[in-house]
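Working notes, beginning with the structure itself.
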Amino acid sequence: YILHEISTRIYAEGSRQRKSTFVGMHTSSNSAQVRQECLVACAKCLSGLAYNTTTRLGMGMQLYLRPIVELVAWYADHAWTYQSGGGLLLSGTGKGQLSRTEMDIVSLLPHLYSAVTHLLAAHPEQAVAVVSEYGHVLLRLAKKNYLKSASDPQLRDALTEYFGAHLLV
């Protein structure tokens, strides 16, 4: 249920409908605005879920490796397009669209990259195929924001840990 809610909120961030890779779950055509506080809460929940299950409980999360990395890569791709001046990152559809600012995007990155980092570090063998497919998107956005993260130590730490996990795989 938690993964469904997170994927629904994050995928609603894009301007197109997207079918989720979580088994039997897909985003609805909800025209309500996705508030920034809700997105941050979902990203924190995803990060906490990945940390607690892999590190504290030692559970095997390899089944969720691909969907979570794909989710974060999808968001990273849209954030890269927005940060490169390629268009607005919108939430909602139609009349109720809410454009995101640079700070809104950057506020999610530490939590999303933390979730990916914990999964990559816990399951490096299973992550090879996923990282070869989505690693370039994640690494591209991480490198761009690492240079700007001098004023945000939480983002800098999360990206530094991600680089280490990426190199581990």
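Because only heavy atoms are used, hydrogens play no part in the values below, and waters and symmetry mates are left out as well, while side chains stay in.
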Stepwise, does the side-chain contact (heavy atoms from CB on, under 4.5 Å) test hold for Gln126 with Arg66?
-> CA-CA 9 Å; Gln126 290 87 0; Arg66 179 170 288 280; over 6 Å; no

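- Test Gln36, His78, Gln83 against Ile105 for side chain to side chain contact (heavy atoms under 4.5 Å, CB included) and you get one pass: Gln83.
- To the nearest 0.5 Å, the span separating CG on Leu141 from NE2 on His136 amounts to 12.0 Å.
- Residue Gln154 is tested with Pro110, Ser149, Ser107 for a side chain to side chain contact (heavy atoms under 4.5 Å, CB included); the sole match is Pro110.
- When hydrophobic clusters are built by joining Ile, Leu, Val, Met, Phe, Trp and Tyr residues whose side-chain heavy atoms come closer than 4.5 Å, directly or via intermediates, Tyr51 is not grouped with Leu112.
- A search for side chain to side chain donor-acceptor pair (under 3.5 Å) contacts involving Ser114 returns Ser47, His118, not counting sequence neighbours.
- The CG atom of Leu159 sits 7.0 Å away from atom CG of Leu109, with the distance rounded to the nearest 0.5 Å.
- Met59 CE to Met61 CE: the interatomic distance, rounded to the nearest 0.5 Å, is 7.0 Å.
- The environment of Lys144 atom NZ is dense: over 12 non-hydrogen atoms of other residues, nucleotides or ligands sit within 6.0 angstrom.
- Not one N or O on the side chain of Asp77 forms a donor-acceptor pair closer than 3.5 Å with the backbone of Ala73.
- The shortest heavy-atom contact between Ala127 and Leu65 is CA-CD2, 3.4 Å.
- Residues Glu161 and Thr117 approach most closely at O-CG2, 3.5 Å, considering heavy atoms.
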Verdict with supporting geometry, Leu138 and His166, side-chain contact (heavy atoms from CB on, under 4.5 Å) = CA-CA 9 Å; Leu138 294 169; His166 189 95; 5.7 Å; no

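- Nearest heavy-atom pair across Asn145 and Leu155 is O-CD2, 4.2 Å.
- Looking at Ser84, its side chain never comes within 3.5 Å of a backbone N or O of Thr81 through a donor-acceptor pair.
- In the hydrophobic cluster analysis, where Ile, Leu, Val, Met, Phe, Trp and Tyr join through side-chain heavy atoms closer than 4.5 angstrom, Val69 is grouped apart from Leu168.
- Side-chain contact between Lys148 and Glu102 is present, with at least one heavy-atom pair separated by less than 4.5 Å.
- The minimum heavy-atom distance between Leu120 and Ala165, with the atom names listed, is CB-CB, 4.0 Å.
- Both tests pass for Arg156 against the ring of Tyr146: distance under 6.0 Å to the centre and angle within 45° of the axis.
- For Lys143, the side-chain contact (heavy atoms from CB on, under 4.5 Å) criterion is met by Leu139, Phe163, not counting sequence neighbours.
- In this view, His111 satisfies the ring pair (Phe, Tyr, Trp, His ring centres under 6.0 Å) rule with no residue, not counting sequence neighbours.
- Contact detail for Asp104 and Tyr75: the closest heavy-atom pair is O-OH, 4.5 Å.
- In the hydrophobic cluster analysis, where Ile, Leu, Val, Met, Phe, Trp and Tyr join through side-chain heavy atoms closer than 4.5 angstrom, Trp74 is grouped apart from Val137.
- Rounded to the nearest 0.5 Å, atoms CD (Gln62) and OG1 (Thr54) are 11.0 Å apart.
- Between Ala142 and Tyr113, the closest heavy-atom pair is N-OH, 3.5 Å.
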Verdict with reasoning, Leu71 to Leu46, per side-chain contact (heavy atoms from CB on, under 4.5 Å) | CA-CA 11 Å; Leu71 172 79; Leu46 181 65; 3.9 Å; yes

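- A donor-acceptor pair under 3.5 Å is formed between the side chain of Ser132 and the backbone N or O of Ala129.
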